[in-house]
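Note on naming: letters A, B, ... go to the chains in the order of the sequence lines (proteins, then strands), and numbering restarts at 1 for each one.
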Amino acid sequence: MTAPIRLSVPGTLAYRAVAVRVVAEAARLVSSSKRREPDNPLTVDVTDPFDTAVVSAFMEIFNNIALHAYSAATGTIELAITPGERQLTIEIADTGAPFDMTTVTPLPDVTADALPEGGMGIHIATAMLDEVSYQPGPPNRWRLLKRS
Amino acid sequence: MTAPIRLSVPGTLAYRAVAVRVVAEAARLVSSSKRREPDNPLTVDVTDPFDTAVVSAFMEIFNNIALHAYSAATGTIELAITPGERQLTIEIADTGAPFDMTTVTPLPDVTADALPEGGMGIHIATAMLDEVSYQPGPPNRWRLLKRS
Amino acid sequence: MLAPYEVTRSPHLTLAVRGSLDINTAPALAEEVDRIMANRPPAITVDLGALELIDSSGVAALVKLYKAIRAAGGTITFVNTRDQPLAIFKLLKMDRVFGI
Amino acid sequence: MLAPYEVTRSPHLTLAVRGSLDINTAPALAEEVDRIMANRPPAITVDLGALELIDSSGVAALVKLYKAIRAAGGTITFVNTRDQPLAIFKLLKMDRVFGI
Ligand SMILES: Nc1ncnc2c1ncn2[C@@H]1O[C@H](COP(=O)(O)OP(=O)(O)O)[C@@H](O)[C@H]1O
Ligand SMILES: Nc1ncnc2c1ncn2[C@@H]1O[C@H](COP(=O)(O)OP(=O)(O)O)[C@@H](O)[C@H]1O
């Protein structure tokens, strides 16, 4: 295995795009390892189901850290992304406010008359990935794993 | 000033796109600070002259590290990218073979009958930026600076 | 930068969303939804053919539009949903509600 | 992934290069250039309208094509060069040579 990709960015929404881009590219390194082709550094193609799942989950976790963990004081978000043969691991650390993940309620049944307008993020992340763990800190540590 | 963006990737061409993407986004944070708008995490728009210069220079330096510094043994490329009010600084460290930058010859005059097919990289980088410094190591350290 | 959406009124009222509808871009769409609803349109088509990425904030913006149109007695039709946004709507079981 | 170029032969021989022509994609273009030159074409148009990024390896690939066409007595015309690739050709003073 090669070394992980490490990224550290200020924990604000202005740096969301750059973090998502790095994660999308790392996912692609795993999903397209068979058809590994050079790509355009200006675009990322997130159409493969593996890439889709990883990026969907990561966007929610990043949003939550920037919005909730860093709602009062701000700090950095540190990522260690390890593309493996058949899996991708994303470790995330922030020094914001910890929370209790067990208090997050499951998403109620979705019907035409009961559509949620919030509370979908953690649900999306856990449903899209094989493993999601959170260890309150400081630093708070997320570990996301997706198998291909 | 906010904290720098830090990125560490294996020093091979497979990670070139992800590094270029991060640098392009960091350049955009400087060049578009007046018209700061949210952007699509899947595309980077390199049309502003500032972004163009930064990305052009960085691509050459990255290529050279992956190809020349890491021609024998491989290692990581560490970036610290600091977007300032009116400038961008990119510090790059690698643990590959050092070289003597003073031996790099200037690009000869370009005419229809004397078009170069190599040796353009360092020339592009220095011409596009305000400051380029290299300190042989290990680790070898590049410092690139562009004012806006 | 392009706005993350475009509204065309003829022949039908269509809202085309493009690029990434997310926590950064959804507020602009929400404002557009307010402008759209000011006319109490009887029907709207939401074209997601150029939408590449959506997050839960983007979903929330579309849910708001859906609720507003229905509350006003109108109809809303989603067309051309693809890739990551389609996966999200399926995961949230909104694909059937939205007729995707 | 799309190839970084497309060759069309009618009405004129045109090589359209797109996306990023760089150290990763230039080798594929170099192979295409060999195929193109096998026919000793009298003229070729290189359309860079969809080329977003180029590095020195990409420039080298286009220089090779330029030299090969000229050595075979043909003519080469570059069209639609823009943004970062245009800046690079200007910096290298190749813009005049290439008639850009
Ligand atoms: N990283 C985090 N740090 C602190 N609180 C969090 C974090 N992630 C989620 N939360 C809490 O969990 C709740 C549910 O999160 P989520 O499912 O993403 O929905 P939403 O963010 O729309 O409320 C949030 O409202 C917030 O209170
Ligand atoms: N990071 C580096 N590490 C080691 N050698 C380098 C490095 N960058 C450049 N060089 C040396 O300087 C030469 C000139 O570099 P450059 O101007 O980019 O042209 P090219 O790479 O096409 O030869 C290279 O051929 C190489 O010998």
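Atom CZ of Arg82(C) has more than 12 heavy atoms from other residues, nucleotides or ligands within 6.0 Å.
Annotation: side chain of Met94(C) is in contact with side chain of Val63(C) (closest heavy-atom distance under 4.5 Å).
Using a 4.0 Å cut-off between charged nitrogen and carboxylate oxygen, Arg143(A) and Glu131(A) count as a salt-bridge pair.
Taking the six-membered ring where the residue is Trp, Phe89(C) and Phe98(C) present perpendicular rings, their angle passing 60° and hence far from 30°.
With a threshold of 4.5 angstrom between heavy atoms, Pro116(A) approaches chain C through its backbone and through its side chain. For Asp109(A), no part lies near chain C; criterion is any non-hydrogen pair under 4.5 Å. Proximity to chain A is absent for every atom of Arg96(C), based on heavy atoms less than 4.5 angstrom apart. When heavy atoms are compared at a cutoff of 4.5 Å, Ile124(A) approaches chain C by way of both its backbone and its side chain. Heavy atoms closer than 4.5 Å to chain A are found in the backbone of Ile54(C), but not in its side chain.
One N or O on the side chain of Thr111(A) and one on the backbone of Asp113(A) form a donor-acceptor pair closer than 3.5 Å.
When each of Val46(A), Thr47(A), Asp51(A) is tested with Ser31(A) by the rule side-chain contact (heavy atoms from CB on, under 4.5 Å), just one qualifies, namely Asp51(A).
Note on Lys64(C), Arg70(C), Glu52(C): by heavy-atom pairs under 4.5 Å with chain A, the leading option is Lys64(C). Ranked by non-hydrogen atom pairs under 4.5 Å with chain C, the options Leu67(A), Asn63(A), Leu107(A), Val20(A) are led by Asn63(A). Between chain C and the options Gly121(A), Ser56(A), Gly119(A), heavy-atom pairs under 4.5 Å are most frequent for Ser56(A).
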